[in-house]
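To start, the structure under review is shown below, and the notes come after it.
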Number of protein chains: 2
Amino acid sequence: MRRTKAEAEATRRQIICAAERVFFKKGVSNATMEDVAKAAGVTRGAIYWHFANKTALFMELYKSVPLPQEDMVARELESDDADVFAVVERAAAKWLDALASDEQRQRILTILLRCDYSGEFAPVLEKQQHVDDDHKCKLESALARVASKGQLSACWTPRSAASALRWMMKGLCSEWLLHGRRFDLAGEGRENLRRLIESLRGADATRAR
Amino acid sequence: MRRTKAEAEATRRQIICAAERVFFKKGVSNATMEDVAKAAGVTRGAIYWHFANKTALFMELYKSVPLPQEDMVARELESDDADVFAVVERAAAKWLDALASDEQRQRILTILLRCDYSGEFAPVLEKQQHVDDDHKCKLESALARVASKGQLSACWTPRSAASALRWMMKGLCSEWLLHGRRFDLAGEGRENLRRLIESLRGADATRAR
DNA sequence: TCGTTTACAGACGTTCATGTATGTTAGGCG
DNA sequence: CGCCTAACATACATGAACGTCTGTAAACGA
């Protein structure tokens, strides 16, 4: 019953897919390898062949999902003449659309939000921290350029504006994912984003449409 | 070695205190009753005497910490002539101060942020959801009254403003607790809150100090 | 075509945490 | 003052999950 290379790759994908569903349903720490094996229609032996342990499986899921930061710090942000606000709004909206229409991505992000990062998964949290820091820096310096052109409302500093944007995005997604996706993420998310950005813009905020 | 009532109550508190430290360090799911017992200087027998199991211990911790919502939906908010913005800002700032100066509260909230709510702890998450909903409603209706007086900026609706406020608070606290408390929570938190609220206020935002 | 290795299934041994059951001692109460 | 029970400590039984080891049949390379 030796499988061909293609078949092996297929079962590997089955295992990852099953892990995603099981982790989502029972939580990472409560899920057992046996659970994942059953859901994938294989035995634990197969899983241990493809992955070292549960941590490795989790890492695989973590690697497989694009985070909002990757989109939001688009290269365009670095160009000096870009409309930073528009770029950020577009990128965020695009990412929200992608999340809203991809159930798999929803499950994986939910898993990442719910899981316990103490112990074995601590490095993941640390890495996430660095990604966050980096994203914050990029956003902040872009907003600093905006401010130097006098296009940032007097209410805000580059730093606080960057924080507000990031927290808004995170709060939005967290609430949507953890509280049962009870509102229209793409619609309301985009709307709220737009409102915040309007507030960040200078005096022309009130005459914007 | 039968203890007096007072002594028993003391060991009970020791256990809770130890659980807090151990849960914080190893995470709820990775922590064992033996760990907690050692940290408390007792045996597992003592813990099982005072608590049914680890879930009960966790619930005890959950009950013991005041959440920001309780302060933010102060009764003052319901009074019709109150300055809603000022009330919210003061309540939030007060809560941030309390958190920043109380390490125990920090640890407990960190535990609650990190832990895996699938399975046994799911009810906690649900309850949290209802508290959140309730808080959102209260805040929203208060902001609706503000809007009816024309004191809410044209950029915002009551609903989006309430969301923005809540997400800002959550993002602020989450980042501070999960990323190693690397900034001044009370100071920067209050500052950002103030900026957002200034943006929520009407046209007088720019002439505010 | 034949040996080797891959891709698993299944069995095994071990660890480890949990919950309970029992033992023990002293406090509180009549 | 003596009994009962509170407040634990200790010992025990159980089971679940893990990781490994062996078996095996077929794919793949030479």
Side-chain angles (χ1 to χ4, degrees), chain A residues 1-61 111 114-116 118-122, chain B residues 1-61 111 114-116 118-122:
Chain A
M1 299 164 182
R2 155 104 187 261
R3 322 301 159 88
T4 167
K5 284 233 175 224
E7 284 172 332
E9 183 57 28
T11 67
R12 194 189 125 94
R13 296 199 174 283
Q14 276 177 41
I15 291 169
I16 294 177
C17 184
E20 173 211 312
R21 293 194 311 270
V22 172
F23 286 176
F24 175 73
K25 185 167 188 186
K26 309 187 66 170
V28 180
S29 52
N30 291 322
T32 157
M33 295 298 243
E34 180 72 28
D35 292 333
V36 176
K38 273 186 184 169
V42 294
T43 65
R44 276 170 46 241
I47 301 184
Y48 278 104
W49 170 256
H50 287 284
F51 306 94
N53 46 38
K54 200 160 75 174
T55 305
L57 240 180
F58 174 81
M59 293 300 189
E60 196 63 34
L61 282 183
I111 292 168
R114 278 197 199 151
C115 90
D116 191 334
S118 321
E120 304 222 65
F121 299 154
Chain B
M1 299 173 180
R2 157 105 185 262
R3 323 299 157 87
T4 167
K5 284 232 174 224
E7 283 172 333
E9 183 57 27
T11 66
R12 194 189 126 93
R13 295 198 174 284
Q14 277 177 41
I15 292 170
I16 294 177
C17 184
E20 174 211 311
R21 293 195 310 270
V22 172
F23 286 176
F24 175 73
K25 185 168 188 186
K26 310 187 65 171
V28 180
S29 51
N30 292 322
T32 158
M33 295 298 242
E34 181 71 28
D35 293 331
V36 176
K38 272 186 184 168
V42 295
T43 65
R44 277 172 44 245
I47 301 184
Y48 279 103
W49 171 255
H50 287 284
F51 306 95
N53 47 38
K54 201 159 76 173
T55 305
L57 241 181
F58 174 81
M59 293 301 189
E60 196 63 34
L61 282 184
I111 293 168
R114 277 197 200 150
C115 89
D116 191 333
S118 320
E120 304 222 65
F121 299 154

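Every chain is numbered from 1, with letters handed out A, B, ... down the list of sequences.
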Nearest whole angstrom, please: distance from the [atom2] of [N] to the [atom1] of [X].
X      : N      : atom1 : atom2 : result
B:K38  : D:dT10 : NZ    : C1'   : 15 Å
A:D35  : D:dA16 : CG    : P     : 12 Å
A:E7   : D:dA25 : CD    : C1'   : 13 Å
A:W49  : D:dC21 : CH2   : P     : 14 Å
A:E120 : D:dA17 : CD    : C1'   : 14 Å
A:E9   : C:dT6  : CD    : C1'   : 14 Å

Problem set entry | A:R114 side-chain N/O to B:S118 backbone N/O, donor-acceptor pair under 3.5 Å | no
Problem set entry | Backbone N/O of A:T32 and side chain of A:K26: donor-acceptor pair under 3.5 Å | no
Of the listed nucleotides ([options]), which one gets closest to any side-chain atom of [X]?
X     : options                : value
B:V42 : C:dA11, D:dA9, C:dA7   : D:dA9
B:Y48 : D:dG19, C:dG19, D:dA25 : C:dG19
A:R2  : D:dA7, D:dC18, D:dA27  : D:dA27
A:A46 : C:dA26, C:dA9, D:dC8   : C:dA9
B:A8  : C:dA7, C:dT6, D:dC8    : D:dC8
A:R3  : C:dT20, C:dT6, C:dA7   : C:dA7

Contact summary for [X] and [Y], nearest pair of heavy atoms:
X     : Y      : answer
A:E60 : A:I16  : CG-CD1, 3.6 Å
A:V28 : A:C115 : CG2-CB, 3.9 Å
B:N30 : B:D35  : O-OD2, 4.2 Å

Would you indicate, yes or no, if [N] has its OP1 or OP2 atom less than 4.0 angstrom from a side-chain nitrogen or oxygen of [X]?
X     : N      : result
A:T32 : D:dC18 : yes
B:H50 : D:dC8  : yes
B:T4  : D:dA7  : no
A:T11 : C:dC8  : yes

For this session: Tell me which of B:A6 and A:R44 sits closer to the 5' end of DNA chain C, going by the nucleotide each one is nearest to.
Result: A:R44
